[in-house]
Amino acid sequence: MEENLRWYKEKKLDRLCEVLLDKGYLIHRVFSVKDAQEKILSLLNKEQTLALGDSWELMSNEFVEKLKEFKFYDRFGENSEKVKRESLLAEMAILEGEFITEDGQVLVVGDYNTSSALFGAENIILLLSENKIVKDLNSGFSKISEYERYYKMRAEKLKNINDGLSIGIIENGKKFSKRITIVLTTEDTGL
C-alpha cells in the first residue's frame with residue numbers, strides 16, 4: 001500500500017479508536033484480513049460455543065476449518081437451517097460489520113442469526129475496516145440501500161431464507177462491559 005495512503009488510513013483509524021474506547025469496546029488493530037483472522041482465532045475460547053455471521057471475509061475454507069477446532073455451529077454442512085437456529089444460543093459470535101459511524105455506531109446486515117447474535121451471544125467479535133467508516137447512521141443506511149442487490153445476492157449464496165434485510169445497530173459497548181471486541185483492519189474489506 002502506498003505509504004501516504006496507509007498513513008491517512010492509520011490516522012483515520014486512530015481517531016475512530018479513541019471514540020470506540022470511550023464507548024467501551026475492546027479494540028485490536030491489524031493490517032490485513034489475514035492478520036484479522038489470526039487475531040480473531042487468538043481471542044476464541046475452546047470451552048465456549050461459537051457462531052459465525054454473514055461475512056465474505058471470514059468464510060474462507062481455511063478459516064472455517066480452523067473454527068471447527070472449537071465448539072462451532074457449522075451452518076455450512078447439512079441441516080444448515082437447523083444449525084442456524086441452534087447457533088442463536090452460541091456463547092460467542094463472530095460478525096462482520098457493514099459500516100461504522102464516526103461516532104462509533106456499528107451497522108450489521110445479515111441473516112437472522114447475524115442480528116440475533118447482537119442480543120444473545122455473551123461475547124461478540126466484529127470485523128471492520130477503515131473503508132467502512134461513514135459519517136453517520138443516515139450515511140450508513142444510504143450505503144446499505146445502495147448495496148441492497150449485493151446483500152440479497154450474498155443471502156442467496158449463503159442460502160439464507162429470510163425476506164428483506166436484517167439490520168442491527170450497536171450503539172456502544174458499555175452496556176455489557178468487555179462484551180464486544182472490534183478487530184479493525186487497515187486493508188479494505190467488503191464492498
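Atom set for the values below is all heavy atoms of this structure, side chains included, hydrogens, waters and symmetry mates excluded.
Between atom CG of residue L89 and atom OH of residue Y73 there is a gap of 6.0 Å, rounded to the nearest 0.5 Å. Expressed to the nearest 0.5 Å, how far OG1 of T185 lies from NZ of K34 amounts to 14.5 Å. Distance check, rounded to the nearest 0.5 Å: CD1 of I100 to CD of Q105 gives 9.5 Å. Of the inter-residue distances, the one linking I40 atom CD1 with M92 atom CE reads 10.5 Å to the nearest 0.5 angstrom. Separating the CD1 atom in I133 from the CG atom in L13 is a distance of 5.0 Å, to the nearest 0.5 Å. To the nearest 0.5 Å, atoms OG (S32) and CD (E38) are separated by 7.5 Å.
Between the side chain of S87 and the backbone N or O of A90, no donor-acceptor pair lies under 3.5 Å. Side chain of E122 to main chain of A93: no donor-acceptor pair is present (N/O by atom type, distance under 3.5 Å, no hydrogens or angles). Checked by atom type and distance alone, the side chain of R179 pairs as donor or acceptor with a backbone atom of A121 at under 3.5 Å.
Taking all atoms of both residues into account, the shortest heavy-atom contact from S139 to V134 is CB-CB, 4.0 Å. Here the shortest heavy-atom pairing between C17 and I27 reads SG-CG2, 3.7 Å. Considering every non-hydrogen atom in both L43 and I125, the closest pair reads CB-CD1, 3.9 Å. The minimum heavy-atom distance linking V33 with D188 is given by the pair CG2-O, 4.4 Å. Summarising the geometry of T189 relative to N131, their closest heavy-atom pair is O-ND2, 3.0 Å, with the distance given to 0.1 Å. Considering every non-hydrogen atom in both Q48 and K71, the closest pair reads O-CB, 3.6 Å.
Contact of the I94 side chain with the L67 side chain is registered, since non-hydrogen atoms from C-beta on lie closer than 4.5 Å. Inter-residue side-chain proximity for L128 and V183 is flagged as unmet; no heavy-atom pair is nearer than 4.5 Å. A 4.5 Å side-chain heavy-atom check between S129 and E187 finds every atom pair outside the cut-off. Side-chain atoms of K143 and K132, non-hydrogen and from C-beta on, never get closer than 4.5 Å to each other. The side-chain heavy atoms of L107 and F141, taken from C-beta on, include a pair separated by under 4.5 Å. You'll find the side chain of H28 stays beyond 4.5 Å of the side chain of I182, heavy atoms only. Counting heavy atoms from C-beta on, the side chains of Y25 and T181 never come closer than 4.5 Å. Under the 4.5 Å side-chain criterion, counting only non-hydrogen atoms from C-beta, D103 is not in contact with D136.
Cluster membership for Y8 and V19, using ILVMFWY side-chain heavy atoms within less than 4.5 angstrom, is not shared. Under a hydrophobic-cluster definition in which Ile, Leu, Val, Met, Phe, Trp and Tyr are linked whenever side-chain heavy atoms come within less than 4.5 Å, directly or via other members, L26 and I170 are assigned to different clusters.
Annotation: cation-pi geometry satisfied between K46 and F70 (NZ/CZ under 6.0 angstrom from ring centroid, within 45° of ring axis).
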Exercise for review: List the steps, then state whether side chain to side chain contact (heavy atoms under 4.5 Å, CB included) holds for L127 with E57.
Suggested key: CA-CA 9 Å; L127 172 65; E57 304 297 340; 3.8 Å; yes

Review point. Could you go step by step and tell me if E2 and R6 meet the salt bridge (Lys or Arg N to Asp or Glu O under 4.0 Å) rule?
Key: CA-CA 6 Å; E2 182 187 319; R6 183 171 179 176; over 6 Å; no

Practice item. Please report the C-alpha distance between L58 and Q37 in whole Å, then the side-chain angles of each, then the deciding distance to 0.1 Å, and finally whether the side chain to side chain contact (heavy atoms under 4.5 Å, CB included) criterion is met. Key: CA-CA 7 Å; L58 299 174; Q37 290 175 348; 3.8 Å; yes

Practice item. Show your reasoning for whether salt bridge (Lys or Arg N to Asp or Glu O under 4.0 Å) applies to E65 and K68. Key: CA-CA 5 Å; E65 283 302 312; K68 290 178 183 178; 3.0 Å; yes

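Within 6.0 Å of atom CG in D14, more than 12 heavy atoms from other residues, nucleotides or ligands are found, so the atom counts as buried in its surroundings.
Residues passing the salt bridge (charged side-chain N to carboxylate O under 4.0 Å, His left out) test with E130, sequence neighbours excluded: K9, K12.
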